[in-house]
Amino acid sequence: GQNIDQPTEMTATEGAIVQINCTYQTSGFNGLFWYQQHAGEAPTFLSYNVLDGLEEKGRFSSFLSRSKGYSYLLLKELQMKDSASYLCAVSLFSGGYNKLIFGAGTRLAVHP
Amino acid sequence: ETGVTQSPTHLIKTRGQQVTLRCSSQSGHNTVSWYQQALGQGPQFIFQYYREEENGRGNFPPRFSGLQFPNYSSELNVNALELDDSALYLCASSPNPTSGGPYSTDTQYFGPGTRLTVL
């Protein structure tokens, strides 16, 4: 089966740094996505990693280690608007197409 | 804004009824995927359409069906609604069939979703 684990909830202080971890065990791997989802809204794309290493994009960075089945999303200089759920998703290539398998999401609460 | 739109925003149905949800893909995208997201969970893959054909399906029963039209808009139909079908239904479009094999995938862009409540 496919298994993607991430913490259920995290809290952090405005201006701080937070790291959200994701571990996965999947049959097949074609990259890992991070999405941000505010309550009642659509997931919005944050980052994509397919090779090992760190991808930096402004205040957000994402890291991947394929050998360890591990990724993290790093959020710097936290703002109140960063309070949201963060979804880790693995892209699987099977049967001639790619599909996304999502973790349950990590609810991040940023407080003053 | 992703350019992906969905209608309706909210819908209330009773058990046993049928429902049709609609999605308009981002311009230039010919692939659409549908997901079901229960409260507090991540989205679950239902199926994917490319050029009006279903080219992949998740673990959902046949009463979940879909259509994709020549303009790449699509529909999700659910028959014989059950209480557990209450969820947020998301469609996501991407620019190609994402079938290029390993190290070839395309970002999926999500619409705002349809919140379905089954009573």
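Being a predicted model, the structure only gives us computed values, none of them experimental. A note on names: the letters A, B, ... follow the listed sequences, proteins ahead of strands, and every chain is numbered from 1.
We find the OG1-CZ distance between B:T107 and A:F33 to be 4.5 Å, quoted to the nearest 0.5 Å. Here the CD-OH distance, from B:Q108 to A:Y35, works out to 5.5 Å after rounding to the nearest 0.5 Å.
Minimum heavy-atom separation, B:L90 to A:A42: CD2-CA, 4.4 Å. When all heavy atoms of A:L100 and B:F45 are compared, the closest pair comes out as O-CB, 4.1 Å. Residues B:P43 and A:L87 share a closest heavy-atom pair of CD-CD1, 4.0 Å. Taking each heavy atom of A:E41 and B:L88 in turn, the nearest pair found is O-CD2, 4.4 Å.
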Could you tabulate the donor-acceptor pairs under 3.5 Å formed by side-chain atoms of residues 73-81 of chain A, not counting sequence neighbours?
none

Contacts under 3.5 angstrom, residues 103-112 of chain A side chains, donor-acceptor by atom type, not counting sequence neighbours:
from: A:T106; atom 1: OG1; to: A:Q6; atom 2: NE2; distance (Å): 3.0
from: A:T106; atom 1: OG1; to: A:P7; atom 2: O; distance (Å): 2.5
from: A:R107; atom 1: NH2; to: A:E9; atom 2: OE2; distance (Å): 2.5
from: A:H111; atom 1: NE2; to: A:A12; atom 2: O; distance (Å): 3.4

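No more than 12 heavy atoms of other residues, nucleotides or ligands sit less than 6.0 Å from atom CG of B:L39. Atom NZ of A:K68 sits in a sparse spot, with 12 or fewer heavy atoms from other residues, nucleotides or ligands closer than 6.0 Å.
No part of B:Q6 comes within reach of chain A, as not one of its non-hydrogen atoms sits under 4.5 angstrom from that chain.
Taking the six-membered ring wherever Trp is involved, the centroid distance between the rings of B:F110 and A:F45 does not fall below 6.0 Å.
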